[in-house]
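These numbers were taken from a predicted model, which means no experiment stands behind them.
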2 protein chains.
Amino acid sequence: MVTIIEIAKLSNCSVSTVSKALNNYPDVSEKTRKRIMKIAADAGYIPNATAQSLVRKKSNTIGVVYEVERGLKNLFFSEVLDAFRATIEQKGYDILLLSNKSNRGLDYVDHSRFKQVDGVLIVAGGRNLDAINRMKENLLPVLTLDPPLELKNAIYSNSYEGIKKACGYLYQLGHRRIAYIQGDPETLIGAQRHQAYQDFIEEKALKPIIAEGRFNTYYSMEEGYQTMQTIFERHGLPEAVCAASDLMALGAMRYLRSNGFSIPDDISIIGFDNLQFCEIVEPRLTTVKQDYKHIGTIAGETLLNMIENKTLDFEPILVETSIVVRDSCKKRQ
Amino acid sequence: MVTIIEIAKLSNCSVSTVSKALNNYPDVSEKTRKRIMKIAADAGYIPNATAQSLVRKKSNTIGVVYEVERGLKNLFFSEVLDAFRATIEQKGYDILLLSNKSNRGLDYVDHSRFKQVDGVLIVAGGRNLDAINRMKENLLPVLTLDPPLELKNAIYSNSYEGIKKACGYLYQLGHRRIAYIQGDPETLIGAQRHQAYQDFIEEKALKPIIAEGRFNTYYSMEEGYQTMQTIFERHGLPEAVCAASDLMALGAMRYLRSNGFSIPDDISIIGFDNLQFCEIVEPRLTTVKQDYKHIGTIAGETLLNMIENKTLDFEPILVETSIVVRDSCKKRQ
DNA sequence: GTGAAAGCGCTAACAC
DNA sequence: GTGTTAGCGCTTTCAC
């Protein structure tokens, strides 16, 4: 590995001059700068980021904490992360993957310190507020996506307005008996979505159609199936269904179809998330899109900002959703 | 940030004794070791990995290169990476994400050097062999998954046997008019799968049913749809279809269904990959499973091995596939 | 405009 | 067993 010392020798300069030339300092003559640059390039010199980090006290690396249990394999994570990466990469930052379980006995807070990251993005892992506070104690900028509790330093999709939009869309198609398949009303997101449905129903003076008492913690297909069954048995067939997740919408579709109902002819159904499979299932699922790309970009910009300005707090950011119209909803005859 | 020097002062020892104690060197008395450990813990001491890397010339970080264009959002990547991470994490390694496009003008080879990673995993990005060779020149252990060309230092699914198994399964169900929807026969994987079909047909003395001349570069739904159409128009309805990817299988299903055929009653169909949506579509797609988890684990073990033994080469590893039986194939009446 | 030298936090000879 | 010291490769005062 060729070091800055070799370059100094090759160019008959001191290491400090070489360093300044390489880093575009103003106080080195244009001529020697060019000369040194060329020599370095010819010699195949690549700086050593580790050495730079040590002296600059800056690693140009951002830690990304994610839930091992859920893995990388949810679209939420991968789409957000892609946009996040693109944003921070422009400023020369790299991503270090940090699992929420620890490496060598360190939890992710200590691990972040150990690896000297400049900031931390916690994706869907904010379960423990304590960790976030410890990050801040360590003067580490930290940012959370979709935490389970109302939190500072967080970026959310506007779930409340999202469900309102969904119900509004169904209403506009002429539906009045609109059922809701809830998530887990004890979490922040679940509560917001639930509240949105209730408010909507009240505003339009409709009758709520819901499987009271259910807590769909996983937003899964199976839960959607069962919730739809409960609703059907208690209330009969609604005109439309709004589900708090795409997977639950899909589960509901399954139940309805296996009972001989056709979608969207007999009943309209709308999901929430806009996962990839919305395009693949039949009928293609109309849904509320969470703007993952925007969330990732904003997260990147915000975190860079915090790093550069050494701020540790910012107010929550809400990202708007939008309806993606496909084939699972239809105007009421 | 509390450093080793503080701990030395607090414990009235030299820095070297502290370092040795912290790193479990044998030549420090059990008593002082315990004492120092306690003082360090109480002081909230966390070692500085950057400083350690600099002097040890080892970062305990592995670079993962992936294709920005495809993003993180393919199941292949995320499942493999999850298993890979779990494996290397046990040995104290972290993952640094490296996009195949560069950061600050460095390509990923130079970037890997810059960040001093100990080894590199290239996921589905081996398009340029040159980069891999440059890695090796730099004495960096490098390993590739699913490269487009036959390559050393690579781990593959056994595509050839996979397609053979698929065709064998259809045959065993009683089908004889078995069509094949190919990928891109000009790539390694495409060629292997194609060859497997041809060999199978020959062995069983069947008639090949294939859309000659097509190159399905993306293995996409759209390509599957069109290829199925071509096959149908040229050869009529086969008894079964073997597709070189799940997405193409899905496209074929679409085409067949929109022409009034029922799956699996009128025609059986099998895919390749075992993507998540296989469980979600109707009928659930029978397919050849690529063992992503195993690939990731093997990749981790192999790379760690290379790093520890300073080897730069290993012979290609083939990972076996298996059939996942679901609902899209049926015994011929 | 250039160079000498201190030091980032840590490890590892080597001496005692 | 413990301490002294020389670096790892680089940046950054400060003096010239």
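Partners of A/T50 by side chain to side chain contact (heavy atoms under 4.5 Å, CB included), not counting sequence neighbours, listed by chain and number: A/N48, B/T50, B/S53, B/L54, B/Q116. Under the side-chain hydrogen bond (donor to acceptor under 3.5 Å, both in side chains) criterion, A/K9 pairs with no residue at all, not counting sequence neighbours. For B/A8, the side chain to side chain contact (heavy atoms under 4.5 Å, CB included) partners are B/V15, B/V18, not counting sequence neighbours. Residues forming a side-chain hydrogen bond (donor to acceptor under 3.5 Å, both in side chains) with B/D291 (at least two apart in sequence, or on another chain): none. Taking A/S112 as the reference, nothing meets the side-chain hydrogen bond (donor to acceptor under 3.5 Å, both in side chains) condition, with sequence neighbours excluded. For A/N138, the side chain to side chain contact (heavy atoms under 4.5 Å, CB included) partners two or more places apart in sequence, or in a different chain, are A/V109, A/R113.
Applying a 4.0 Å cut-off to non-hydrogen atoms, none of the residues of residues 28-39 of chain A approaches DNA chain D.
If you check the side chains of A/K152 and A/T144, you find no donor sitting under 3.5 Å from an acceptor. In this structure, a donor-acceptor pair under 3.5 Å is absent between the side chains of B/S157 and B/S159.
Residue A/F84 holds its CZ atom at 16.0 Å from CD of A/E79, rounded to the nearest 0.5 Å.
The span of DNA chain D lying next to chain B, judged by atoms under 4.0 Å from heavy atoms, is bounded 5' to 3' by D/dG1 to D/dG9.
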Per-nucleotide protein contact string for nucleotides 9-16 of chain C, where B marks a base within reach and S marks sugar-phosphate only (heavy atoms under 4.0 Å, - for neither): BSSBBB--
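Applying the salt bridge (charged side-chain N to carboxylate O under 4.0 Å, His left out) definition to pairs two or more places apart or across chains, those involving residues 32-55 of chain A are A/E30-A/R33, A/E30-A/K34, A/K38-A/D42.
End-to-end axis angle for the helix from C/dG1-D/dC16 to C/dC16-D/dG1, using five pairs per end and rounding to 10°, comes out at 40°.
A salt bridge links B/R134 and B/D107; the closest N-O separation between the charged side-chain nitrogens and carboxylate oxygens is under 4.0 Å.
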Donor-acceptor pairs are to be reported for all side-chain atoms of residues 293-306 of chain B against protein atoms at under 3.5 Å, with residues two or more places apart or in another chain.
residue, atom, partner, partner atom, Å
B/T297, OG1, B/K293, O, 2.9
B/T302, OG1, B/I298, O, 2.6
B/N305, OD1, B/N309, ND2, 2.7

